[in-house]
Amino acid sequence: MSPQPAPAPLLIACALGIEQLALRTGERGGAGGPVTVLRTGMGPRAAERSVTRMLADPALSGAAVLATGFCAGLAPGMHPGDLVVAEETRDPAGTIPCTGTDLLVKELVRTVPGRTVHTGPLTGSDHVIRGQERSDLLSTGAIAVDMESAATLLSAVRTGERPVAAVRVVVDAPEHELVRIGTLRGGISAFRVLRSVLPAFYEWHRSLLLPRR
């Protein structure tokens, strides 16, 4: 018998130490292949550098890439702890369509019951969004914004064809801006949700390894 090919790896990229801590706290195994959690640092340039450097490793050739962490919701009615599954990521450098959005939504609903899951475009920024900027971005059709997802996915596909996705947890929303009282409570809620999402990521990854009919 010929040897079976090694399972494709999964690279999960986040920006902040607190996000990495949430993901590592939630690790329980069960992925379809090797998993690497990468802390890129904050901002699009840091994400681009870190992801490009990581994917140059032959061990991550063909790796699926999933950007995650916290984000700012743009639409009225969003709350800290809501989930955002990107249909695409956008920034001035380009738009990247995401893979397996419907499956991620299904698995997140199952894995984190009771949490609202939003889908739509996730836009990138090089700074924290405040006030009128939030409305301006909402008018473009985007439902959430963060500083690393778009750069992460664009860097990933530039290094080779691969599945990519972005899932974010809302920590800042129109009626719940970070500068307001209640920020700590919202942050704790978002942390708990991020700590719970890995099983959904693993199911998404496993689905990519199944033979296509």
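Keep in mind that the numbers below use all heavy atoms, side chains included, and drop hydrogens, waters and symmetry copies.
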Original post:
Between Thr159 and Ala156, is there a donor-acceptor pair closer than 3.5 Å when you use the side chain of the first and the backbone of the second?
Top reply: yes

Does any N or O in the side chain of Ser139 come within less than 3.5 Å of the main-chain N or O of Asp136, such that one atom is a donor and the other an acceptor?
yes

- Task: Evaluate the side-chain proximity of Thr68 to Leu194: yes if any heavy-atom separation is below 4.5 Å, no if none is.
- Result: yes

Any non-hydrogen side-chain atom of Leu55 less than 4.5 Å from a side-chain atom of Val65? yes

Under 3.5 Å, side chain of Glu19 to main-chain N/O of Ala15, donor-acceptor pair present?
-> yes

**Report entry** Glu88 side-chain N/O to Cys98 backbone N/O, donor-acceptor pair under 3.5 Å
**Finding:** no

**Q.** His205 side chain to Ala8 backbone, donor-acceptor under 3.5 Å
**A.** yes

Does Phe201 reach the side chain of Val35, with side-chain heavy atoms less than 4.5 Å apart? no

Note: Pro44 and Ser125 closest approach over all heavy atoms is CD-O, 3.9 Å

### Query
Same cluster for Tyr202 and Leu60 if Ile/Leu/Val/Met/Phe/Trp/Tyr side chains link at under 4.5 Å?
no

To the nearest 0.5 Å, atom NE2 of His127 lies from atom CE of Met147 at 9.0 Å

Would Glu133 and Val145 satisfy side chain to side chain contact (heavy atoms under 4.5 Å, CB included), going step by step from the backbone distance to the final call? CA-CA 11 Å; Glu133 286 182 291; Val145 57; over 6 Å; no

Quick one: does Arg162's side chain have a donor or acceptor within less than 3.5 Å of a partner on Ala63's backbone?
yes

Taken to the nearest 0.5 Å, the spacing of Leu208 CG from Leu10 CG works out to 8.5 Å

**OP:** Report yes if some heavy atom in the side chain of Ser155 is under 4.5 Å from a heavy atom in the side chain of Met54; otherwise report no.
**Re:** no

**Thr101 side chain vs Ala86 backbone, donor-acceptor pair below 3.5 Å** = yes

query = Is the closest side-chain heavy-atom distance between Thr111 and Glu203 below 4.5 Å?
reply = no

Here the pair of heavy atoms bringing Ala173 nearest to His79 is CB-N, 4.3 Å

Heavy atoms of Ala59 and Pro9 approach each other most closely as O-CG, 3.6 Å

In terms of heavy-atom contacts, Ala13 and Thr40 come closest through CB-CG2, 4.1 Å

Heavy atoms of Thr99 and Trp204 approach each other most closely as O-NE1, 2.9 Å

Taken to the nearest 0.5 Å, the spacing of Cys71 SG from Met78 CE works out to 6.5 Å

Rounding to 0.5 Å, atoms SG (Cys14) and CG (Leu21) come to a distance of 10.0 Å

**Study point:** Check: Ile96 and Arg158 side chains under 4.5 Å, non-hydrogen atoms
**Key:** no

- Task: Show the numbers, then the answer: is there a side chain to side chain contact (heavy atoms under 4.5 Å, CB included) between Arg192 and Ser189?
- Result: CA-CA 5 Å; Arg192 288 173 174 165; Ser189 175; 6.0 Å; no

Minimal heavy-atom distance between Val170 and Ala190, with the atoms involved, is O-CB, 3.7 Å

Using the rule that two of Ile, Leu, Val, Met, Phe, Trp, Tyr join whenever any of their side-chain heavy atoms come within less than 4.5 Å, decide whether Val105 and Val164 are in one cluster. no

Between the CG atom in Leu198 and the CZ atom in Arg24, the distance rounded to the nearest 0.5 Å is 10.0 Å

Using side-chain heavy atoms (C-beta onward) and a distance below 4.5 Å, is Leu108 in contact with Arg115? no

Hydrophobic cluster membership, Ile18 vs Leu38, 4.5 Å side-chain cutoff = no

Worksheet entry | Heavy-atom side-chain proximity of Val169 to Leu83 below 4.5 angstrom | yes

Report task. Kindly determine whether Val85 and Val117 satisfy side chain to side chain contact (heavy atoms under 4.5 Å, CB included), including the steps that lead there. Result -> CA-CA 7 Å; Val85 180; Val117 182; 3.7 Å; yes

Taken to the nearest 0.5 Å, the spacing of Asp91 CG from Asp146 CG works out to 10.0 Å

For the hydrophobic clusters of this structure (ILVMFWY residues joined by side-chain heavy atoms under 4.5 Å, transitively), does one cluster hold both Val171 and Leu23? yes

Are Leu122 and Val51 linked, directly or through intermediate hydrophobic residues, by side-chain heavy-atom contacts shorter than 4.5 Å (ILVMFWY only)? no

Cationic N near anionic O, under 4.0 Å, Glu107 to Arg110: yes

